[in-house]
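Everything on this sheet refers to the single structure shown next.
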Amino acid sequence: MRVAVAAGPGRTALLKELADDGTGQGAGVLLNDLPDAVASYALNGPVRWVWADSAQTYPALLRAGVRVDRCHDVRLVEALLTGRDGRPDEPGPAGPGAAERGAGGLAADRPASGPGRLAAGQQAALFGPAEPGLGETSAALDQLVAAHAGQLRRIAADPHPGRFGLLAAVESAGGLVAAEMQARGVPWRADVHDTLLASLLGARPPAGLQPPRLAELASRISAAFGGRPVNPDSPAQLTKAFATDGIRITSTRSWVLRDVDHPAVPLLLEYKELARLHTANGWAWLDEWVSGGRFRPEYVVGGVVSGRWATRGGGALQIPRVLRRAVVADPGWVLVVADAAQLEPRVLAALAGDHAFAEAAGTGDLYQALAGAFGGDRAKAKVALLSAMYGGAGGEASQLLAVLRRRFPRADQYVEAAARAGEEGRVVRSRLGRACPPPSAEWRGLTAAPDEPDAADQRARRSLRARGRFTRNFVVQASAADWALVLLAGLRRRLAELDDRPAGGLDGPGLVFFQHDEVIVHCPEAMAGDVVAAVAAAAEEAGRLVFGDTPVRFPVSTAVVSSYADAK
DNA sequence: TTCCGTTGCGCG
DNA sequence: AAAGCGCGCAACGGAA
């Protein structure tokens with residue numbers, strides 16, 4: 001059953017039960033305590049909660065110890081539909097359901113970004129109560145019900161309503177997972193982190209000062225440039241210093257410096273690595289982001305055009321590998337680290353339906369299985385695949401792509417067609433129907449110019465190629481994100497089933513990390529076997545739900561470890 | 001002082 | 001012939 005709910009003052013809310021088509025009868029029912037009502041509703045049978053925004057509503061429920069099984073997140077689904085249909089004020093695609101675009105203004109009007117929400121909060125604090133009165137709540141409920149019903153119609157009007165409906169469901173589930181993971185937090189040993197920093201950087205310096213090891217390297221770098229003061233953090237100063245010594249460099253990137261013969265280079269490479277650790281994940285980061293033994297990043301579901309997640313603050317998806325040793329399970333608990341192997345090429349195999357390619361993707365090591373086509377060289381197979389998916393063709397890649405084209409024509413044609421669509425300004429979609437953004441007005445203006453061998457045409461050609469690479473990659477990356485989201489939703493459901501405590505709060509086994517093709521579950525040691533099985537089952541289910549009948553396998557490697565550093 | 005584009009590098 | 005995809009964050013340095 002679907003039940004719409006709009007939060008009111010305090011813990012109150014208005015609730016309305018919905019028919020299958022999303023319509024509701026009569027006025028909303030007033031609830032004095034939303035968390036209580038949600039918890040007791042679940043006792044009567046499965047409920048899909050329909051609300052405007054999990055990120056707004058769900059954290060309070062979690063704080064009250066109430067988790068929900070399913071929801072329809074009107075904000076997230078609206079973003080999917082808007083991506084498909086375009087917005088009235090921009091020249092987007094006009095797909096099925098476009099006539100109903102804008103029907104659910106409720107979600108679209110809400111600022112999606114963090115700064116936007118902050119501003120709204122500040123505004124409320126300045127000008128009045130943040131919480132709506134009953135009248136406003138009633139209007140919000142009506143608007144919610146109408147928006148949701150409109151979304152159901154727009155989903156049904158999709159050329160593939162089953163797939164797109166699945167996408168809406170798992171995107172909504174993602175919103176629940178994101179809130180739960182933030183509330184739960186990644187188990188993080190600040191003492192291990194601190195020890196690691198001290199061993200690499202020296203003793204923690206007073207605020208604003210450089211760690212000893214960095215200061216020492218900086219002075220040795222200056223000495224290597226003949227005693228001239230050089231700030232190693234400044235590309236401009238470094239370039240100038242090298243020029244003074246007769247060395248011209250195109251940039252100060254480490255892979256460029258690596259090939260430069262100068263006594264400062266090894267020092268600079270070491271400095272860059274340590275400075276990066278200090279500025280990005282040093283003591284300041286530890287102070288700001290880790291408390292009570294947990295790292296609690298804020299996840300942004302659908303924050304990436306491809307459907308991957310982003311995070312706000314803390315750089316949770318860029319945690320350097322060296323810090324993984326600070327991610328340690330609680331005593332008596334373990335981390336189940338699960339990683340989808342070679343996900344994107346497998347997704348391409350399933351998308352393209354290339355028989356020979358798909359057969360290879362039915363095995364454990366896809367690249368090894370393809371090696372035969374490339375003279376038995378696994379590395380060449382990998383380069384060919386990556387080039388096909390990213391649009392690269394440097395070095396020997398073009399030769400390898402020719403081999404790919406000959407041996408696996410449908411796989412090649414699939415990404416080529418996506419690239420062509422992009423270059424022509426069209427929109428492509430993932431397997432479950434997530435649409436890539438349309439080209440910008442600037443892009444259209446630039447590429448509309450007729451072909452002429454002048455500078456403007458060079459830019460136009462570059463823009464065309466760039467968009468081709470984007471859409472070429474989008475179909476693969478976004479479909480991989482589809483798969484990962486289905487896996488995540490299925491794993492969440494299975495983990496809840498493993499947790500036999502009636503309350504089912506955040507104290508039991510649960511997801512604590514999700515990074516594109518990798519998840520971490522924190523659970524009691526005794527449950528590890530069940531969790532590993534749940535991961536495998538969820539992965540199998542994801543392959544079936546997203547791609548249907550395909551020989552392609554999506555193997556997931558799992559490691560049961562105490563520390564994240566011990567996985568892999 | 002604040003703002004913003006650029007540079008560089010971490011992750012997938 | 002050359003070009004590879006997607007992000008977030010911090011520091012620099014010039015502009016406002």
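First the proteins, then the strands, lettered A, B, ... as listed; each starts at 1. The analysis underlying the following values was restricted to heavy atoms, covering all of them including side chains, and did not include hydrogens, waters or symmetry mates.
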Base, sugar-phosphate alone, or nothing: which one does Leu277(A) contact when heavy atoms must sit under 4.0 Å apart? nothing
d(NE2, His516(A); C1', dG10(B)) in whole Å: 11 Å
Within-4.5 Å side-chain heavy-atom neighbours: Arg429(A) and Phe164(A): yes
Got a list of protein N/O to nucleotides 2-7 of chain B N/O distances below 3.5 Å?
none

Quick one: are the ring centres of Tyr299(A) and Phe514(A) less than 6.0 Å apart? no
Checking Arg469(A), Arg465(A), Arg467(A), Arg472(A) against Glu423(A) for salt bridge (charged side-chain N to carboxylate O under 4.0 Å, His left out), the one that qualifies is Arg465(A)
Which part of the nucleic acid, if any, lies within reach of Ser306(A) when heavy atoms closer than 4.0 Å are counted: base, sugar-phosphate only, or nothing? nothing
So do the side chains of Glu270(A) and Arg213(A) get within less than 4.5 Å of each other, counting heavy atoms only? yes
Sugar-phosphate only, base, or nothing, as touched by Arg467(A) at under 4.0 Å among non-hydrogen atoms: nothing
What nucleic acid atoms does Ser398(A) come within less than 4.0 Å of, heavy atoms only: base, sugar-phosphate, or nothing? nothing
Take the angle between the ring planes of Phe357(A) and Phe408(A) and call it parallel below 30°, perpendicular above 60°, tilted in between. tilted
Identified pairing partner of dG4(C), criterion: Watson-Crick or G-U wobble below 3.5 Å: none
Within 90° of 0 counts as syn, otherwise anti: where does dG4(C) fall? syn
Take atom CD of Gln318(A) and atom P of dC11(B), then tell me their distance rounded to the nearest Å. 9 Å
Contact class for Val305(A) (heavy atom, under 4.0 Å): base, sugar-phosphate, or nothing? sugar-phosphate
How close or far is atom P of dG8(B) from atom CD of Glu273(A), stated in whole angstroms? 17 Å
Could you tell me whether Gln237(A) contacts a base, only the sugar-phosphate backbone, or nothing, with contacts defined as non-hydrogen atoms closer than 4.0 Å? sugar-phosphate
Would you mind telling me which of Asp482(A), Leu545(A), Leu485(A), Leu80(A) makes a side chain to side chain contact (heavy atoms under 4.5 Å, CB included) with Leu432(A)? Asp482(A)
P atom, dT7(B) versus dG4(C): distance in rounded Å? 15 Å
Heavy atoms only, 4.0 Å cut-off, all strands: where does Gln515(A) land among base, sugar-phosphate and nothing? sugar-phosphate
Is Arg378(A) positioned over the aromatic face of Tyr367(A), cation under 6.0 angstrom from the ring centre and no more than 45 degrees off axis? no
All N/O donor-acceptor pairs, side-chain side in residues 256-267 of chain A, below 3.5 Å, sequence neighbours left out:
residue	atom	partner	partner atom	Å
His262(A)	ND1	Ala264(A)	N	2.9
His262(A)	NE2	Asp245(A)	OD2	2.8

Starting at atom CZ of Arg276(A), determine the distance to atom C1' of dG8(B), rounded to an integer number of angstrom. 8 Å
Tell me: CD of Gln477(A) to C1' of dC11(B), nearest whole Å? 12 Å
Do any side-chain nitrogens or oxygens of Lys272(A) fall under 4.0 Å of OP1 or OP2 in dC9(B)? yes
Gly303(A) near the nucleic acid: base, sugar-phosphate alone, or nothing, with a heavy-atom cut-off under 4.0 Å? nothing
What does Arg465(A) touch in the nucleic acid at a heavy-atom separation under 4.0 angstrom: a base, only the sugar-phosphate, or nothing? nothing
Could you tell me whether Asn281(A) contacts a base, only the sugar-phosphate backbone, or nothing, with contacts defined as non-hydrogen atoms closer than 4.0 Å? nothing
Base, sugar-phosphate, or nothing: which does Arg321(A) touch, judged by heavy atoms less than 4.0 Å apart? sugar-phosphate
Are the side chain of His193(A) and the backbone of Asn281(A) linked by a donor-acceptor contact shorter than 3.5 Å? yes
Could you tell me the boundaries of the chain A footprint on DNA chain C, defined by atoms under 4.0 Å from its heavy atoms? dA3(C) to dG13(C)
Measure the acute angle between the ring planes of Phe295(A) and Trp289(A), then classify it against the limits of 30° and 60° as parallel, tilted or perpendicular. perpendicular
